[in-house]
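Chain A is the first sequence line, chain B the second, and so forth, proteins listed ahead of strands; every chain is numbered from 1.
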2 protein chains.
Amino acid sequence: MLLTEKQKGLIEKIGIVTEREGMQPAAARIVGLLYVADNPELTFEEIVQALHISKSAASNALNLLLQTNRIEYTTFSGDRKRYFRIKVANWREGFAKKMEDMTSFSQVLQEVLNERNPETVEFNKNLAELADFLKYVNNQLPGLLENWEKMRKGQ
Amino acid sequence: MLLTEKQKGLIEKIGIVTEREGMQPAAARIVGLLYVADNPELTFEEIVQALHISKSAASNALNLLLQTNRIEYTTFSGDRKRYFRIKVANWREGFAKKMEDMTSFSQVLQEVLNERNPETVEFNKNLAELADFLKYVNNQLPGLLENWEKMRKGQ
DNA sequence: AATTTAGTTCTCAAAATTATGAACTAAAGA
DNA sequence: TCTTTAGTTCATAATTTTGAGAACTAAATT
């Protein structure tokens with residue numbers, strides 16, 4: 001596979017963002033590659049060769065990405081290879097996941113609040129505010145998604 | 001400082017969330033401690049003792065947290081100690097930061113889109129959708145914050 | 001049955017991250 | 001000026017993470 005310098009740069013950029021989200025380096029590069037490559041369906045070998053990583057690194061990273069639902073693959077009859085691709089149509093799920101994380105953090109804050117020394121009034125007030133805001137955002141986000149869908153259709 | 005089992009558990013929970021956000025372990029536990037401790041203003045030594053970490057670990061972690069604007073400290077005249085506390089009133093800033101991250105990812109996706117093979121129509125469509133949604137959410141979130149403030153005042 | 005091949009697993013090494021403890025600094029107080 | 005103390009820095013140790021390469025597996029092909 002041929003990658004332009006521009007493409008390599010973008011893979012790096014996406015890789016860095018994805019790493020910051022907690023992905024390991026090899027997996028993060030694979031994500032970048034699958035976003036950028038001319039053909040969005042790549043085989044195991046193409047990935048290994050494009051990123052200059054070992055088969056074991058590729059195998060581990062691909063399985064991790066499959067487990068975390070960030071990629072998927074298809075096969076074709078009479079061809080043993082798997083064709084991996086980013087689940088880009090899947091971003092709604094990823095979005096939902098982030099919301100869950102937020103909710104659960106809000107709940108931890110609520111728990112903290114229940115345990116807190118009641119004498120630290122100002123501090124507790126701020127904490128309660130934060131917990132409440134997180135809850136609010138969480139409630140509002142699904143509506144935001146709906147509105148966006150509507151707006152799209154409207155156009 | 002005396003910590004109940006419940007408090008220790010909460011420090012751990014917050015620590016794990018904070019680590020997942022990219023903080024190093026010691027810093028993440030300090031964050032947890034400052035949320036949970038009865039007194040939300042702790043000295044260097046109290047932190048060292050409460051978390052059983054070395055002075056150097058505490059020093060590094062506290063400076064990291066100061067730099068990233070997650071904590072601050074006050075001093076009192078005639079007392080050389082610094083009293084560290086979570087910038088919990090500061091969550092709006094943290095929120096803004098997350099939004100920026102989102103925007104910049106949306107921009108990377110836009111760049112990817114500009115470079116993409118135009119023949120992969122479906123893929124490109126999904127990508128464009130994602131980029132557009134991120135942009136949309138970004139535009140809407142400030143209004144969400146405003147509405148929340150209004151709602152608060154209204155109550 | 002032997003071979004090819006897509007991918008996995010295992011062992012181990014390299015690299016990066018994190019933490020320790022001791023020595024040090026600098027301001028304050030005696 | 002000597003001592004105390006809050007915090008820093010440095011060398012280095014421990015731990016974790018990551019990746020390589022070779023051996024292996026299992027299905028398909030010959």
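- At the heavy-atom level, A:Ala26 lies under 4.0 Å from the strands shown only through sugar-phosphate atoms.
- The phosphate of C:dG7 has OP1 or OP2 within less than 4.0 Å of a side-chain N or O from A:Arg82.
- If you check every strand for non-hydrogen atoms under 4.0 Å, B:Leu62 touches nothing.
- For A:Ser54, the listed nucleotide lying nearest its side chain is D:dG21; candidates were D:dT9, C:dT20, D:dG21.
- In this structure, the nucleotide among C:dA26, D:dT18, C:dA6 sitting nearest to the side chain of B:Arg80 is C:dA26.
- Taking the side chain as every heavy atom from C-beta outward, B:Tyr35 and B:Leu10 never approach each other to under 4.5 Å.
- Side-chain atoms of A:Asp132 and B:Trp148 include a donor-acceptor pair closer than 3.5 Å.
- Across all strands shown, B:Lys81 has heavy atoms under 4.0 Å from sugar-phosphate atoms exclusively, and none from any base.
- In this structure, A:Leu51 atom CG and D:dA20 atom C1' are separated by 15 Å, rounded to whole Å.
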Could you give me the CA-CA distance, side-chain angles and deciding distance for B:Arg85 and B:Thr74, then say whether side-chain hydrogen bond (donor to acceptor under 3.5 Å, both in side chains) is met?
CA-CA 8 Å; B:Arg85 60 171 176 252; B:Thr74 21; 3.2 Å; yes
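- In terms of phosphate contacts, B:Gln24 brings no side-chain nitrogen or oxygen within less than 4.0 Å of OP1 or OP2 of C:dT17.
- Phosphate contact (OP1/OP2 of D:dT8, side-chain N/O of B:Asn60, threshold under 4.0 Å): absent.
- In this structure, CZ of B:Phe44 is placed 16 Å from C1' of D:dT4, rounded to the nearest angstrom.
- Side chains of B:Glu45 and B:Gln49: a donor-acceptor N/O pair is present below 3.5 angstrom, by distance only.
- For B:Pro25, whose side chain is taken as the heavy atoms from C-beta onward, the closest listed nucleotide among D:dG7, D:dG19, C:dT18 is C:dT18.
- Each of D:dC10, D:dG21, D:dG7 was ranked by its minimum atom distance to the side chain of A:Ser56; first place goes to D:dG21.
- One distance of note links CG of A:Leu2 with CG of A:Asp38; it measures 8.5 Å at 0.5 Å rounding.
- In this structure, CG of B:Leu66 is placed 18 Å from P of D:dA6, rounded to the nearest angstrom.
- Here the C1' atom of nucleotide C:dT8 and the CG atom of A:Asn63 are 8 Å apart, to the nearest Å.
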